[in-house]
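Here is the structure we will look at.
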Amino acid sequence: MSEHLSEQEIVRREKLAKFAELGIDPYPAAMWDVNATAVEILDAVEKIKAANPNPEQPIHELDIYKDVCIAGRIMSLNSKGKVSFIKIQDNTGRIQLFISVDNICPGDDKTMYNEVIKHLLDLGDFVGAKGEAFVTKTGETSIRVKELKVLSKALKPMPVVKEKDGEVFDAFSDPEQRFRQRYVDLVVNHGVKETFLKRTQMVKTIRDFLNANGAVEVDTPVLQSIPGGAAARPFTTHHNALDIPLYLRIANELYLKRLIVGGFDWVYEFSRNFRNEGMSRKHNPEFTILEFYVAYKDYIWMMDFTERMLEKVATDMHGTSELTVGDNKIDFKAPFRRITIYDAIKEYTGHDVSFMTEEQIYDVCKSLHLEVDKTMGKGKLIDELFSAKCEKNFIQPTFITDYPVEMSPLTKKHRSKEGLVERFELMVNGQEIANAYSELNDPIEQRARFEEQVKLMERGDDEAMFIDHDFLRALEYGMPPTSGIGIGIDRLAMLMTNQASIQ
RNA sequence: GUUUCCGUAGCUCAGCUGGUAGAGCAAUACACUUUUAAUGUAUGGGUCUCGGGUUCGAAUCCCGACGGGAACACCA
């Protein structure tokens, strides 16, 4: 251990020795039987205060929280001679401990107060306290502590963030530190934890909604020998016993479809996917997608279902379908606008590319100063055009429909429009949130599409798909008509919690 | 990957045109029995990210590396 210890870290280690001298275990094994939380006590006292016009009356006489046992992390220490104030933070929030030498050391031995409380405790330590709830002279709900126990000593100092009148002092704000040491960020910064909890709530709402509609949650392989189901570069790894290369999945689509082949009518998975590409506020190499596949449905049904589900998520989380994201007000009230990709391009560029050849579209891209090259097929050019010129304009939830077949190798041909497929993407706040289609279930056609991908790969497209022969075999056994969707859970959570960064 | 900005105490930051470092909070000691960013007094704390170069002298100027932020690109 050649780690450099700061002065403060050395001091804290010395305090461990001091604890040993006093016979106090700074990391006790026995459970500390908590019977109340900070917010619970604060709320209860608020209610009593509201109902009781006589503020002089001690709270404990109202028979509330006479014997509180709580625990938490020390967030501020304030010793005022023979009285000390310690603010602790538990799972719910912060509450103040009021400690006087007389209460905590009724006998002659004042060690607990003079040594432990005044000298050995530090910010960041976990302590347990027993006592009664009351309100101090200055009106702050506190615990009058009769017994205090060290539950865990912290050896590194926490950043001390102070706040007054909404102004924050010495904020822990370095983005590197915040993302790398998320645990510190969670302890010290308000709101981070809430965002985590909201995301969990969002996932639960979605899961409940799917379950209520008869969907079955499944798990499919993360390590795959052929990464399929999306256009992206995979991470590679290696299986030692088999001595074969393996890939971390870029999508779980092909495995969920295999389950449809196997006879499930509706399967879903919250799938952690890995894509070997850049990071940004909107991109994370490791991210979560909800995918689900429903037999006997088509992409039109899927649009109806998706907008109902998202409206429910928004209203469950905010009480209304309308929410504020950054500077935008976004309304998740169904139905959402629907527009074809060609109409979208026409709307924002003035060019109708629907009947153009690859050459002509290439020229349009050039005329709009887009960076395109000859390795790009027609599908990729159109995708380029859309993401550069249109994507950012769709703030309100909008389904972009009917993509060209070239950019959708797993999608069924459009029932009536030549050269297109039955696919939609959902754009919200200028970002893609979901991607869905009527799934291609014709094995001959699917094989031909894969072969197209191989040609693209030979032209230099390193994101083109591999041929998955086992998947083709599954389709040959027969897959019912199916509609599937992938929803970016991290991006949806960004919207629902009004966060600017995906991290 | 490109452009751009940044890296100084545990945290947040100051340090002008080169003269080997400062503040607040945190820490240590003392005082104080109701504090709210508590206060007062005193004390300690730094390989100025790293490596080269210019110079009598570099936190400061130059080059390079490493780490990071932001934008763009990649990414449906």
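On a predicted model such as this, the values are computed, not experimentally measured, just so you know. So you know, we letter chains A, B, ... as the sequences are listed, proteins then strands, and number each from 1.
Taking atom CD on A:E140 and atom C1' on B:rA37, their separation rounds to 13 Å, with Å as the unit. Taking atom OH of A:Y113 as the reference point, atom C1' of B:rA31 lies 12 Å away to the nearest angstrom. One atom, CZ of A:R233, and another, C1' of B:rG1, lie 10 Å apart when rounded to the nearest Å. Spacing between atom CD1 of A:I74 and atom P of B:rA26 amounts to 14 Å, rounded to whole angstrom units. At whole-Å resolution of the value, CZ in A:F172 and C1' in B:rG68 are 14 Å apart. Whole-Å rounding puts the A:R13 CZ to B:rG10 P distance at 14 Å. We find that CD1 of A:I143 is positioned 18 Å from P of B:rU35, with the value rounded to whole Å. The distance from atom NZ of A:K137 to atom P of B:rU34 is 6 Å, rounded to the nearest whole Å.
RNA chain B forms stems at B:1-7 with B:66-72, B:10-13 with B:22-25, B:27-31 with B:39-43, B:49-53 with B:61-65, each a run of 3 or more consecutive Watson-Crick or G-U wobble pairs whose two key distances fall under 3.5 Å.
Nucleic acid contact class of A:E14 (heavy atoms, under 4.0 Å, all strands): none. A:R178 comes within 4.0 angstrom of nothing in the nucleic acid, heavy atoms only. The residue A:E391 sits apart from the nucleic acid: no heavy atom pair falls under 4.0 Å.
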Could you write out each protein N or O paired with an N or O of nucleotides 28-30 of chain B at a distance under 3.5 Å?
{"from": "B:rU28", "atom 1": "OP1", "to": "A:K15", "atom 2": "NZ", "distance (Å)": "2.4"}
{"from": "B:rC30", "atom 1": "OP2", "to": "A:H119", "atom 2": "NE2", "distance (Å)": "3.1"}

Every protein N/O lying under 3.5 Å from an N/O of nucleotides 38-40 of chain B:
{"from": "B:rA38", "atom 1": "OP1", "to": "A:K162", "atom 2": "NZ", "distance (Å)": "3.3"}
{"from": "B:rA38", "atom 1": "N7", "to": "A:N78", "atom 2": "OD1", "distance (Å)": "2.8"}
{"from": "B:rA38", "atom 1": "N6", "to": "A:S79", "atom 2": "O", "distance (Å)": "3.3"}

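Not counting sequence neighbours, the partners of A:N189 by the side-chain hydrogen bond (donor to acceptor under 3.5 Å, both in side chains) test are A:D185. Annotation: ring pair (Phe, Tyr, Trp, His ring centres under 6.0 Å) contacts of A:F332 (sequence neighbours excluded): none. Residues meeting the side chain to side chain contact (heavy atoms under 4.5 Å, CB included) test with A:N498, sequence neighbours left out: A:V325. A search for side-chain hydrogen bond (donor to acceptor under 3.5 Å, both in side chains) contacts involving A:N78 returns nothing, not counting sequence neighbours.
Rounded to whole Å, the separation between the C1' atoms of B:rG64 and B:rA27 comes to 38 Å. Nucleotides B:rA29 and B:rG19, compared at atom P, are 38 Å apart to the nearest Å. Nucleotides B:rC11 and B:rA26 have their P atoms positioned 15 Å apart, rounded to a whole Å. Straight-line distance between the P atoms of B:rA65 and B:rG1: roughly 12 Å, to the nearest whole Å. Using atom C1' as the reference point in both B:rA71 and B:rG53, the two lie 32 Å apart (nearest Å). For the C1' atoms, the distance linking B:rG22 with B:rC48 amounts to 12 Å, nearest Å. Atom name C1', nucleotides B:rG24 and B:rU4: the rounded distance is 31 Å, in whole Å. If you take atom P in B:rU41 and the same atom in B:rC25, they sit 11 Å apart, rounded to whole Å.
Distances from the side chain of A:K82 to the nucleotides B:rU35, B:rG10, B:rU33 place B:rU33 closest. Which of B:rU35, B:rU34, B:rC11 sits closest to the side chain of A:R144 comes down to B:rU34. Distance from the side chain of A:S142 is smallest for B:rU35 among the nucleotides B:rU34, B:rU35, B:rC25.
Looking only at distances, no side-chain donor or acceptor of A:E253 sits under 3.5 Å from a matching main-chain atom of A:F292. No donor-acceptor pair closer than 3.5 Å links the side chain of A:E422 to the backbone N or O of A:K412. Not one N or O on the side chain of A:R144 forms a donor-acceptor pair closer than 3.5 Å with the backbone of A:F98.
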Quiz: residues 229-237 of chain A side-chain donor-acceptor pairs under 3.5 angstrom, not counting sequence neighbours:
{"from": "A:R233", "atom 1": "NH1", "to": "A:D462", "atom 2": "OD2", "distance (Å)": "3.0"}

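Applying the salt bridge (charged side-chain N to carboxylate O under 4.0 Å, His left out) test to pairs two or more places apart or on separate chains, none has a residue in residues 100-110 of chain A. Residue pairs meeting the ring-ring contact (aromatic ring centres under 6.0 Å, His included) criterion with at least one member in residues 109-131 of chain A: none, sequence neighbours excluded. The salt bridge (charged side-chain N to carboxylate O under 4.0 Å, His left out) analysis of residues 395-411 of chain A, with sequence neighbours excluded, yields the pairs A:D402-A:K417.
A salt bridge between A:R249 and A:E291 is absent, with no side-chain N of the basic residue lying under 4.0 Å from a carboxylate O of the acidic one.
Side-chain atoms of A:S408 and A:R423 include a donor-acceptor pair closer than 3.5 Å.
For A:F471 and A:F466, the ring centers sit 6.0 Å or farther from each other.
When each of A:P157 and A:S387 is assigned the nucleotide of RNA chain B with its nearest heavy atom, A:P157 is the one assigned upstream, toward the 5' end.
Using a 4.0 Å cutoff on non-hydrogen atoms, the parts of residues 94-112 of chain A near RNA chain B are A:Q96, A:F98, A:D102, ordered by number.
With values rounded to the nearest 0.5 angstrom, A:Q431 atom CD is found 8.0 Å from A:E391 atom CD.
At a threshold of 4.5 Å between non-hydrogen side-chain atoms, the residues A:F386 and A:T349 do not count as touching.
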